[in-house]
Enquirer: 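My questions all concern the structure below.
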Amino acid sequence: MARRNNGDALRAFDPVAVGNAECDAWAAYYQREWATFLRAALTMVHAGFAMNWARTLQGAALVLRANQVWAPVPDNDPAAARRLMSRFYSIVIDYHRLRLDADRAADLEIEWWRAHRDNQRGPIAGNGEDDVVDALVALYSYVYETDSDQVRPAATHRMIAMRHSDAWVDAGADLNNPRLAEERRELVMSYSSLRDAVSLTR
């Protein structure tokens, strides 16, 4: 397997910082608080992808815009979201000199977004949560060049976080709802598991 020239930094992220920031971003997404989402995205991108602040700002802006075009139901724009995430992954790939394809990474990213939305709103076909976990496993194993079995626990914890998030949304998206704390805990556990898994392939 081809190795990165500078991939170790990408694997040494802070799971607490990333998990907390993602929880904040998800909450802001459902409340359509885009300024709050951008602040959380800045932390997610900086802590999760180990880039300087100039590239972090570019990347976070693309993540924000991708989520904005994805958000409308049912009239969202998956193709635009995919293009934006491809540009995001191009920045990451260029910065870390990774031997990955940005379009492929974006396809895998948008696939878990789709799988989650289908599960959240009642899947027409498929296995619901299992489909989300499989989509996350495919993304993680590709981006980190890691065996799928090693990243499945991380994907499972993130799916459980989505379950709490969906219940939180259904209950009215109150920031004081304890479901949000459960979501936050699962996200931190997810990223802790992911960091442990990807560190094995250094």
Side-chain angles (χ1 to χ4, degrees), residues 15 18-32 37 40-41 44 48 63-64 66-86 88-89 103-144 146-175 177-198:
V18 178
N20 281 323
E22 183 161 84
C23 185
D24 294 339
W26 286 6
Y29 171 92
Y30 285 110
Q31 294 179 325
R32 301 298 191 260
F37 183 99
M44 282 193 298
V63 171
L64 167 65
N67 277 269
Q68 287 176 321
V69 300
W70 178 264
V73 179
D75 299 320
N76 66 340
D77 192 343
R82 187 176 292 107
R83 288 192 298 270
L84 288 158
M85 290 308 297
S86 179
F88 168 78
Y89 278 109
D103 288 340
R104 175 61 176 157
D107 285 344
L108 293 169
E109 182 80 33
I110 298 303
E111 177 57 20
W112 84 254
W113 295 14
R114 181 208 60 76
H116 170 250
R117 177 164 287 185
D118 285 353
N119 180 63
Q120 183 183 31
R121 300 189 175 279
I124 298 172
N127 298 312
E129 291 188 352
D130 289 344
D131 290 343
V132 182
V133 171
D134 289 344
L136 287 168
V137 167
L139 174 67
Y140 293 158
S141 60
Y142 179 71
V143 170
Y144 294 102
T146 300
D147 183 80
S148 58
D149 288 341
Q150 293 177 343
V151 295
R152 188 166 293 277
T156 300
H157 279 297
R158 203 169 177 201
M159 177 62 248
I160 295 170
M162 292 180 213
R163 188 189 302 159
H164 288 304
S165 176
D166 295 345
W168 174 76
V169 171
D170 289 343
D174 181 354
L175 293 177
N177 187 319
R179 282 280 193 176
L180 203 59
E182 294 294 331
E183 173 189 328
R184 189 178 302 277
R185 181 160 43 249
E186 287 293 335
L187 284 170
V188 171
M189 291 173 66
S190 172
Y191 285 106
S192 295
S193 178
L194 181 62
R195 188 187 61 183
D196 289 346
V198 301

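Heavy atoms only: backbone and side chains are in, while hydrogens, waters and symmetry mates are out.
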Enquirer: Measure the spacing between CG of Asp134 and OG of Ser148 and express it to the nearest 0.5 Å.
Expert: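 One gets 9.0 Å once the value is rounded to the nearest 0.5 Å.
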Enquirer: What's the shortest heavy-atom distance between Ala154 and Ser193, and which atoms?
Expert: N-OG, 3.4 Å
Enquirer: Measure across Asp149 and Asp147 and return the closest heavy-atom pair with its distance rounded to 0.1 Å.
Expert: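 Taking every non-hydrogen atom into account, N-OD2, 3.0 Å.
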Enquirer: Are Glu109 and Tyr89 linked by a side-chain donor-acceptor pair shorter than 3.5 Å?
Expert: yes
Enquirer: Return the minimal non-hydrogen interatomic distance between Asn177 and Ala171, and the atom names on each side.
Expert: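 The answer is ND2-CB, 3.6 Å.
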Enquirer: Using side-chain heavy atoms (C-beta onward) and a distance below 4.5 Å, is Gln31 in contact with Leu175?
Expert: yes
Enquirer: Arg158 versus Tyr191: any side-chain heavy-atom pair under 4.5 Å?
Expert: yes
Enquirer: Given 3.5 Å as the limit, does a donor-acceptor pair link the side chain of Ser141 with the main chain of Val137, or not?
Expert: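 Yes, Ser141 side chain to Val137 backbone: donor-acceptor pair under 3.5 Å.
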Enquirer: Search all heavy atoms of Ala66 against all heavy atoms of Ala81 and return the closest pair with its distance.
Expert: O-CB, 3.8 Å
Enquirer: Could you tell me whether the side chain of Asn76 and the main chain of Pro78 form a donor-acceptor pair under 3.5 Å?
Expert: no
Enquirer: Would you say the side chain of Thr146 lies within less than 4.5 Å of the side chain of Tyr140, judging by non-hydrogen atoms?
Expert: no
Enquirer: Quick one, Asp131 and His116 - any side-chain contact, counting heavy atoms below 4.5 Å?
Expert: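 No, their side chains stay 4.5 Å or more apart.
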Enquirer: If only atom types and distance count, is the side chain of Arg117 paired as donor or acceptor with the main-chain N or O of Trp70 below 3.5 Å?
Expert: yes
Enquirer: Do Tyr144 and Arg195 have a side chain donor and acceptor closer than 3.5 Å?
Expert: no
Enquirer: Taking the side chain from Ser192 and the backbone from Val188, do they hold a donor-acceptor pair closer than 3.5 Å?
Expert: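 Side chain of Ser192 to backbone of Val188: a pair is present.
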Enquirer: Taking only residues two or more places apart in sequence, or in another chain, which ones meet Arg185 in a salt bridge (Lys or Arg N to Asp or Glu O under 4.0 Å)?
Expert: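 Counting only residues at least two positions away or on another chain, Arg185 forms a salt bridge (Lys or Arg N to Asp or Glu O under 4.0 Å) with Glu182.
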Enquirer: Looking only at non-hydrogen atoms, find the nearest pair between Ala106 and Ser86 and report the distance.
Expert: CB-N, 3.4 Å
Enquirer: Is the shortest heavy-atom distance from the side chain of Trp26 to the side chain of Trp168 under 4.5 Å?
Expert: no
Enquirer: Please give me the minimum heavy-atom distance between Met189 and His157, naming the atom from each residue.
Expert: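 So the minimum-distance heavy-atom pair works out to CE-CE1, 3.1 Å.
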Enquirer: Contact between Glu186 and Met162 at the side-chain level, heavy atoms closer than 4.5 Å - yes or no?
Expert: no
Enquirer: Name all pairs fulfilling the salt bridge (Lys or Arg N to Asp or Glu O under 4.0 Å) condition that reach into residues 161-174, sequence neighbours left out, sorted by first residue then second.
Expert: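 Salt bridge (Lys or Arg N to Asp or Glu O under 4.0 Å) check on residues 161-174 returns Glu129-Arg163.
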Enquirer: With heavy-atom distances below 4.5 Å as the criterion, would you say the side chains of Leu180 and Glu183 are in contact?
Expert: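 In contact.
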Enquirer: Okay, side chain of Asn119, backbone of Ala115: is any donor-acceptor separation there less than 3.5 Å?
Expert: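 Such a contact is absent between Asn119 side chain and Ala115 backbone.
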Enquirer: Taking the basic N atoms (NZ, or NE/NH1/NH2) and the acidic carboxylate oxygens, is any pair closer than 4.0 Å for Arg184 and Asp24?
Expert: yes
